[in-house]
Amino acid sequence: MNTESPAVTAIADLQTHVGQAVTLRGWVYHLRSSGKVRFLVVRDGTGLAQGVLVKGNLPEEDFQQFDRLTLESSLILEGKVKAEPRAPGGYELEVSRLRPVNISQEFPISPKEHGVAFLLDRRHLWLRSPRQQAILRVRDEVCRACRDFFQERGFVLVDTPILTPTSCEGTTSLFETNYLDQGKAYLSQSGQLYLEAAAMALGRVYCFGPTFRAEKSKTRRHLTEFWMVEAEAAFFTLEDVMALAEDLVRHMVARVLLHQEPQLRLLERDLGPLEQVVAGPFPRLSYGEALERLKEQGKEIPWGEDLGGDEETVLSQMFQRPVLVHRYPRSAKAFYMEPDPADPRLALCVDLLAPEGYGEIVGGSQRMDDLETLLKSLAAHNLPREPLEWYLDLRRYGSVPHGGFGLGLERVVGWLCGLHHVRETIPFPRLIDRIYP
RNA sequence: UCCCGGGUAGCUCAGUGGUAGAGCGGGUGGCUGUUAACCACUUGGUCGGGGGUUCGAGUCCCUCCCCGGGAGCCA
């Protein structure tokens, strides 16, 4: 009785099966009925395709199954592929069999407008929408571009711990947990210190993993759990750090433009600014020069103060490409940064600001390599020395100049996709007041 | 933590102290090429919770809760 089904095909591959019978498996994206001709748009994760049901072209029983279908019902379709400019996706299936797998209950998310809170409460369902799929594909591309980039340059992936005994930066932003009989442990807010140890072993290393910050930051650029790529290399100067960060960012943008242009178009991303990023070198400004530029724009910042989001936005909008701002005052930066020999008030550090108002996506520096200088810095920052003895060891046993940077994955993806908020760039965002679903 | 703006049907929202509304969605019927289809009918309510003012409160006042936007801090 059973006739054999044609080969299962992904919607993205339909173009190579025109004129052939195929089987599609997916979910109902849209339904329309016009009497004896019925249309359904199916999605399968690779794209959208339209199915056409004409009474008489398929078993009456299958034709009637159409009336049971609801949005997001899962189903298996068989039919002949036809190129059809009128159809969403450009290809159409003349349906010869229709078998529902599961009739969906009323799906809460429609193609109409929804509020942010409503969608975030249903993030597990929201992921099915074309925009969210496009963003996740861009994220995937950025991750792969990053791994390829470091591998090609001889960097070794070193996974740093997520449970840590101490903090790297302020203790106010730490997630705390109990660690068996050992007392408190904290979720990692940076792999940097461990990466420095690994750089003394392997020369060039990087890590890529989740990072946790319990900051009560409620902005479009903050998550409490985000992914960070960190690189560290022995014998690297600030110049080397800046060049590497610039190359990485350019490489990521180029890869996304090369492989994910359809996603960017779906997201209605203006490609012009991204093409600019790939086209040439990034401008560089010292902190002092940045203050002058800001003053010209009517934003006067007292020397010594860090640049806020507003200032970053103004600066980044002055250039068509990402801008590297280097040599901030040490007072505004972390304890481990090497002082500038030309002006010891300054740190050999750099922030990379994305254009179009997206702000900081990379922060890096040359690290202190001298034991005495580092000890003085710890004292100046009121940091306890004992839990960092292992870190100080790196300065006791063959210390060398070294440096590195961290790049925030979600901020990069948000920028590349042209999004207003990073919460859409990670599958299940963790925000200050939200840990569901 | 602070400063703004919100909370009314499943969703997005309107609602001037005096009968609780629209569009979309859902349901029923119609339509042989639809494109967020269309047409007709229909179904939807603890107006965030509590208290107060008033003849009368979705509307005014107090309070609590929740959500959004921004600031500080950071990737």
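Bear in mind that the values here come from a model prediction, so they are computed numbers and not experimental data. Note: hydrogens, waters and symmetry copies are ignored here, and every other heavy atom, side chains too, is used. Quick note on labels: first sequence line is chain A, next is B, and so on, each numbered from 1.
Below the 3.5 angstrom threshold, one finds a donor paired with an acceptor across the side chain of A/Ser217 and the base of B/rC73. A/Ser173 contributes no side-chain N or O that forms a donor-acceptor pair with the base of B/rC74 under 3.5 Å. One N or O donor and one acceptor, one from the side chain of A/Glu92 and one from the base of B/rG33, sit under 3.5 Å apart. Taking 3.5 Å as the limit, the base of B/rC31 and the side chain of A/Arg38 contain no donor-acceptor pair of atoms between them. Scanning atom types as modelled, one donor and one acceptor separated by under 3.5 angstrom connect the side chain of A/His222 and the base of B/rC74.
Remark: P of B/rG70 and CD1 of A/Ile432 are 13 Å apart, rounded to the nearest angstrom. As a whole-Å value, the separation of A/Phe66 CZ from B/rC31 C1' is 13 Å.
Comparing atom distances between the A/Thr219 side chain and each of B/rC24, B/rA75, B/rA71 picks out B/rA71 as nearest. Closest contact between the side chain of A/Lys216 and the listed nucleotides B/rG33, B/rC31, B/rU1 involves B/rU1. Proximity note for A/Lys218 (side chain, C-beta onward) versus B/rU12, B/rC31, B/rG69: the nearest is B/rG69. The listed nucleotides are B/rG33, B/rC74, B/rA71; the one nearest the side chain of A/Arg411 is B/rC74. In this structure, the nucleotide among B/rG69, B/rU34, B/rC11 sitting nearest to the side chain of A/His114 is B/rC11. Distance from the side chain of A/Lys112 is smallest for B/rC24 among the nucleotides B/rG69, B/rC24, B/rU34. When each of B/rU12, B/rC73, B/rA75 is scored by its nearest atom to the side-chain atoms of A/Met228, the top-ranked nucleotide is B/rA75.
Pairing for B/rC60 is with B/rG52, a Watson-Crick or G-U wobble pair whose two hydrogen-bonding atom distances lie under 3.5 Å. As the counterpart of B/rU19, no nucleotide is assigned, since no Watson-Crick or G-U wobble pattern has both distances under 3.5 Å. Base pairing analysis places B/rC41 opposite B/rG27; the two distances defining the Watson-Crick or G-U wobble pair are each below 3.5 Å. Using the Watson-Crick or G-U wobble rule with both distances under 3.5 Å, B/rA71 pairs with B/rU1.
Put simply, A/Arg32 has no side-chain N or O that comes within less than 4.0 Å of OP1 or OP2 on B/rC38. OP1 or OP2 of B/rG69 sits under 4.0 Å from a side-chain N or O of A/Arg423. Between A/Arg434 and B/rC66 there is no side-chain N or O to OP1 or OP2 distance below 4.0 Å.
We find that the ring of A/Phe226 and the base of B/rA75 stack, their centres lying under 5.5 angstrom apart and their planes tilted less than 30°.
Residue whose closest nucleotide on RNA chain B sits further toward the 5' end, between A/Ala117 and A/Leu307: A/Ala117. Residue A/Leu120 is the one, among A/Leu120 and A/Asp351, whose nearest nucleotide of RNA chain B lies closer to the 5' end (criterion: closest heavy atom).
A/Pro111 comes within contact range of at least one nucleobase, with a heavy-atom separation under 4.0 Å. Residue A/Ser33 is classed as a base contact, given a heavy-atom separation below 4.0 Å to a base. Residue A/Leu223 is in base contact, counting any heavy-atom pair closer than 4.0 Å across all strands shown. Among the protein residues, A/Gln50 comes within range of the nucleic acid bases, having at least one heavy atom under 4.0 Å from a base atom. Residue contacts shown for A/Asp306 are limited to sugar-phosphate atoms, with no base heavy atom under 4.0 Å away. Within 4.0 Å of A/Gly359, counting heavy atoms only, lies no atom of the nucleic acid at all.
Using a cut-off of 4.0 Å between Lys/Arg side-chain N and Asp/Glu carboxylate O, A/Arg434 and A/Asp121 are scored as salt-bridged. Salt-bridge annotation for A/Arg265 and A/Glu261: present, with a side-chain N of the basic residue lying under 4.0 Å from a carboxylate O of the acidic one. Taking the charged nitrogens against the carboxylate oxygens, A/Arg255 and A/Asp148 do have a contact shorter than 4.0 Å, which makes a salt bridge.
Aromatic rings from A/Phe150 and A/Tyr206 are positioned such that their centres are separated by under 6.0 Å. The ring of A/Trp390 has its center closer than 6.0 angstrom to the ring center of A/Tyr194.
There is a side-chain donor-acceptor pair under 3.5 Å between A/Glu424 and A/Gln132. The closest side-chain donor-acceptor pair between A/Gln65 and A/Glu61, if any, does not fall under 3.5 angstrom.
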